[in-house]
Amino acid sequence: MKKVALFGAGRIGRIHAANLCAMPGIELVAVSDPLTSACSELAARHGARVDSVEGIFADASIDAVVIGSPTTTHTDLITRAAQAGKHIFCEKPVDLSAERARTCAEAVARANVACMIAFQRRFDPTFNEAKSRLDRGDIGNPEMLIITSRDPGAPPVEYIKNSGGIFRDMLIHDFDVFRWILCGDGDEAAWLIASGSCLTDPAIGEAGDMDSTAVTIKTRKGRLCQINTTRRAAYGYDQRFEVIGSLGMLQCGNHRPTEVTQAGAANTHYDNPEAFFLQRYAAAYRIEIEHFFTQLQSGGAFKTTVEDGVRAQVLADAAAHSAASGQPVVF
């Protein structure tokens, strides 16, 4: 039985807590969050204790920690967990700075503990099937990736003020998908240009951020990636990508609450996409944390590592710089 502690009792913490408690051989023993009411409620729901950060790291019986707290806490908690000899499952991103993320990765390496960064899109069954077919050679050599990633609505402005900006907060997932799909054979980004606007809510611009972006990346081997994002899609959570290869194309569409299509004389109806990421990636959140503990037990490699987190952060920083300066970034 592996004993686990959870940092963060917000919406992602609640998802991880439920998935942890559904896994055989895993015991959630402690929850920590400065918001004491949410922490107490979540701990009581799953039979865990409320504990401090210090208390968790001092408990030698705890094998691993799950970090679902705000981004600004990630590097400190990862570093302290590594120093305490705890294995680490951490939400994205590693940090809001690539430099600090690298320092954090070095601390993990020195401590020789496992650390997986939770880029859950790699575990989505639809996206993962496309990746399997790509690796199998079904469409030949991949040449171009087009990613559409649109939220149904923006988070509160107070969140945006501390989020690190749309490239670090939202597109961090898309940068990881780019590397996962196009860079599996050792290729990496060579050139990037990004632009952004504030089109959906003036308050987002007043907070110093953007809500609509377009990014183009060219790899060392000449492959191309285009990413388009917005924080407002009136029709739901729009998550799609397509890969064009030398022998064909792979398309990954949206998930819908039902797959019923109703056709009549006047029109045809089908459901809009899932409401948001909690619904769209429910299976992915379960599969990724199962993967973490399965690989921890077997000693196998993780699909997403702290190094993947660092490399996605480098791309996010570059995109933020490019959008601000109007100039491309060469790696």
- Message: Taking ring-ring contact (aromatic ring centres under 6.0 Å, His included) as the criterion, tell me which of Phe119, Phe292, Phe123 meets it with Phe302.
- Response: Phe292
- Within 45° of the ring axis of Phe127 and under 6.0 Å from its six-membered ring centre, is that where the NZ or CZ of Arg280 lies? yes
Is it the case that the side chain of [X] and the backbone of [Y] share a donor-acceptor pair, with hydrogens and angles ignored and the cut-off at 3.5 Å?
X      : Y      : result
Arg223 : Leu182 : yes
Asp209 : Gly165 : no
Gln297 : Thr294 : no
Asp317 : Ala98  : yes
His87  : Ala114 : yes

Using 4.0 Å as the upper bound for N to carboxylate O, is an ion pair formed by [Y] and [X]?
X      : Y      : answer
Glu99  : Arg102 : no
Asp308 : Lys303 : no
Asp271 : Arg256 : no

- Would you please classify the geometry between the Tyr237 ring and the Tyr281 ring as parallel, tilted or perpendicular, with 30° and 60° separating the classes? perpendicular
- Message: Can you tell me how far apart CG (Asp211) and OG1 (Thr230) are? Round to the nearest 0.5 Å.
- Response: 5.5 Å
Under 4.5 Å between any side-chain heavy atoms of [X] and [Y], yes or no?
X      : Y      : value
His16  : Glu91  : yes
Phe331 : Val314 : yes
Arg121 : Cys252 : no
Asp59  : Arg49  : yes
Arg231 : Asp169 : yes
Leu296 : Met116 : no

Donor + acceptor pair across side chains of [X], [Y] (<3.5 Å):
X      : Y      : answer
Gln239 : Thr148 : no
Thr229 : Thr213 : yes
Thr126 : His255 : yes

- Query: Are Val113 and Ile67 connected in the hydrophobic side-chain network, where two residues link if heavy atoms are under 4.5 Å apart?
  - Reply: yes
- Note on the structure: Lys2 and Asp63 have their tightest heavy-atom pair at CA-OD2, 3.4 Å
- Item | Which atom of Cys39 lies closest to which atom of Val31, heavy atoms considered | SG-O, 3.3 Å
- Query: What do you reckon, is NZ of Lys218 surrounded by more than 12 foreign heavy atoms closer than 6.0 Å?
  - Reply: no
